K.L.:
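Before I ask anything, here is the structure I am working with.
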Amino acid sequence: MFFEDYEIGQVFDEEIEDVIFTEKEIIEVSKKYDPRDIHVDKKLASESRFGEIIAPGAYANLVLWGAWVRTGIDRDGIIAGTAVVSCKWIKPVLANTKYKVKVEIVGKKERIPGKDGLVDFKMTAANPEGEIVTEYTAQGLVRFRP
């Protein structure tokens, strides 16, 4: 999609594959990048308020965002990311749980007329109960149709 194809309020969800994190994956990544007990130690995590290993928020957002990128919907027009507008971790991201990802266009501003503009993509992920676990808004620089 190109800049002129995006509309505020546009939603992408059916196109995005669900995401499941494995406990092994969470522990391996966490040992390297966020070695807190709630991410790497099954015993201590089981004694925490979460009761089990949880994924680090930044890692969870990266994986969930990757599900959007793999759709290829923005491939033709996206130039680069320009900002993380907001990021909220609302509920823990657990292993062996299927998360539904949705991306909504929440902002759009022409930067260089006829050349490119900024698009705000709000990604949310919901657990099987439909509760939002994370909310992440990223801004991308998007080219106009050639």
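Residue indices begin at 1 and follow the sequence shown. Predicted model, so just to flag it, every value in this text is computed and none were measured.
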K.L.:
Find out if a path of hydrophobic residues (ILVMFWY) with successive side-chain heavy-atom gaps under 4.5 Å connects W89 to V93.
P.N.:
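Cluster IDs for W89 and V93 differ.
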K.L.:
Partners of I20 by side-chain contact (heavy atoms from CB on, under 4.5 Å), sequence neighbours excluded?
P.N.:
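Partners of I20 under the side-chain contact (heavy atoms from CB on, under 4.5 Å) test: K98.
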K.L.:
Taking only residues two or more places apart in sequence, or in another chain, which ones meet L62 in a side-chain contact (heavy atoms from CB on, under 4.5 Å)?
P.N.:
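L62: no side-chain contact (heavy atoms from CB on, under 4.5 Å) contacts found.
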K.L.:
Is V69 reachable from V19 through a run of I, L, V, M, F, W or Y residues, each pair having side-chain heavy atoms under 4.5 Å apart?
P.N.:
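Yes, V19 and V69 fall within the same hydrophobic cluster.
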K.L.:
For R145, check side-chain contact (heavy atoms from CB on, under 4.5 Å) against everything at least two apart and list the hits.
P.N.:
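R145 satisfies side-chain contact (heavy atoms from CB on, under 4.5 Å) with F2, E4, D5 once adjacent residues are dropped.
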K.L.:
Could you name each residue pair satisfying salt bridge (charged side-chain N to carboxylate O under 4.0 Å, His left out) that touches residues 31-46, not counting sequence neighbours?
P.N.:
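For residues 31-46, and leaving out neighbouring residues, the salt bridge (charged side-chain N to carboxylate O under 4.0 Å, His left out) pairs sorted by first residue read E23-K42, D34-R36, K43-E47.
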K.L.:
Do the non-hydrogen side-chain atoms of V84 and T137 ever get within less than 4.5 Å of each other?
P.N.:
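No. Closest side-chain heavy atoms not under 4.5 Å.
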K.L.:
Do any side-chain atoms of residues 104-113 form donor-acceptor pairs under 3.5 angstrom with protein atoms, and if so which ones, sequence neighbours left out?
P.N.:
residue: K108; atom: NZ; partner: F3; partner atom: O; Å: 3.0
residue: K108; atom: NZ; partner: Y6; partner atom: O; Å: 2.6
residue: E110; atom: OE2; partner: G114; partner atom: N; Å: 3.0
residue: R111; atom: NE; partner: D116; partner atom: OD1; Å: 2.9
residue: R111; atom: NH2; partner: D116; partner atom: OD2; Å: 2.9

K.L.:
Who else is in the cluster with I132 when I, L, V, M, F, W and Y are joined by side-chain contacts under 4.5 Å?
P.N.:
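Members alongside I132: I90.
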K.L.:
So, E15 side chain and D13 main chain: donor-acceptor pair closer than 3.5 Å or not?
P.N.:
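Confirmed, E15 side chain pairs with D13 backbone.
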K.L.:
For residues 48-61, which side-chain N or O atoms pair as donor and acceptor with protein atoms under 3.5 Å away, sequence neighbours left out?
P.N.:
residue: S48; atom: OG; partner: A45; partner atom: O; Å: 2.6
residue: S48; atom: OG; partner: F50; partner atom: N; Å: 3.1
residue: Y59; atom: OH; partner: E25; partner atom: OE2; Å: 2.4
residue: N61; atom: OD1; partner: T134; partner atom: OG1; Å: 2.6

K.L.:
Measure across Q139 and V85 and return the closest heavy-atom pair with its distance rounded to 0.1 Å.
P.N.:
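That closest heavy-atom pairing would be CB-CG2, 4.0 Å.
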K.L.:
Linking I/L/V/M/F/W/Y whenever their side-chain heavy atoms sit closer than 4.5 Å, directly or via other members, would I8 and W68 fall into one cluster?
P.N.:
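The answer is no; the residues belong to distinct hydrophobic clusters.
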K.L.:
What is the distance from atom CG of L94 to atom CD1 of I26, rounded to the nearest 0.5 Å?
P.N.:
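It comes to 7.5 Å.
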K.L.:
Can you tell me how far NE2 of H39 sits from CG of L44, rounded to the nearest 0.5 angstrom?
P.N.:
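Reported to 0.5 Å precision, the distance equals 13.0 Å.
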K.L.:
Might you work through the side-chain contact (heavy atoms from CB on, under 4.5 Å) test for W65 and R70, ending with a clear yes or no?
P.N.:
CA-CA 9 Å; W65 184 256; R70 279 190 299 283; over 6 Å; no
K.L.:
What distance separates I78 CD1 from F121 CZ, expressed to the nearest 0.5 Å?
P.N.:
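The CZ atom of F121 is 4.5 Å from CD1 of I78, to the nearest 0.5 Å.
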K.L.:
When rounded to the nearest 0.5 angstrom, what is the spacing between SG in C87 and CE in M123?
P.N.:
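C87 SG to M123 CE: 7.5 Å, rounded to 0.5 Å.
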K.L.:
Restricting to pairs with a member in residues 133-144, which pass salt bridge (charged side-chain N to carboxylate O under 4.0 Å, His left out), not counting sequence neighbours?
P.N.:
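Checked against salt bridge (charged side-chain N to carboxylate O under 4.0 Å, His left out) - neighbours excluded - the pairs reaching residues 133-144 are K88-E135, K122-E135.
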K.L.:
For K102, what residues pass the salt bridge (charged side-chain N to carboxylate O under 4.0 Å, His left out) criterion, not counting sequence neighbours?
P.N.:
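Here no residue qualifies.
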K.L.:
Can you tell me how far the CG atom of D18 sits from the OG1 atom of T97, to the nearest 0.5 Å?
P.N.:
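Taking CG in D18 and OG1 in T97, the distance rounds to 12.0 Å.
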K.L.:
May I ask you to list the residues sharing a hydrophobic cluster with L141, side-chain cutoff 4.5 Å, ordered by chain and number?
P.N.:
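Same cluster as L141: I79, L118.
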K.L.:
Taking the inter-plane angle between the rings of F21 and Y99 on a 0 to 90° scale, is it parallel (under 30°), tilted (30 to 60°) or perpendicular (over 60°)?
P.N.:
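Perpendicular, since the angle between the ring planes exceeds 60°.
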K.L.:
Quick test of your reading: applying salt bridge (charged side-chain N to carboxylate O under 4.0 Å, His left out), list the pairs with at least one residue in residues 72-82, sequence neighbours left out, ordered by first then second residue.
P.N.:
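Sorted pair list comes back empty.
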K.L.:
Examine V40 and V63 and state if one hydrophobic cluster contains both, with Ile, Leu, Val, Met, Phe, Trp and Tyr joined whenever side-chain heavy atoms are less than 4.5 Å apart.
P.N.:
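No, no single cluster joins them.
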K.L.:
For E129, which residues count as a side-chain contact (heavy atoms from CB on, under 4.5 Å) partner, sequence neighbours excluded?
P.N.:
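Only N127, E131 meet the side-chain contact (heavy atoms from CB on, under 4.5 Å) criterion with E129.
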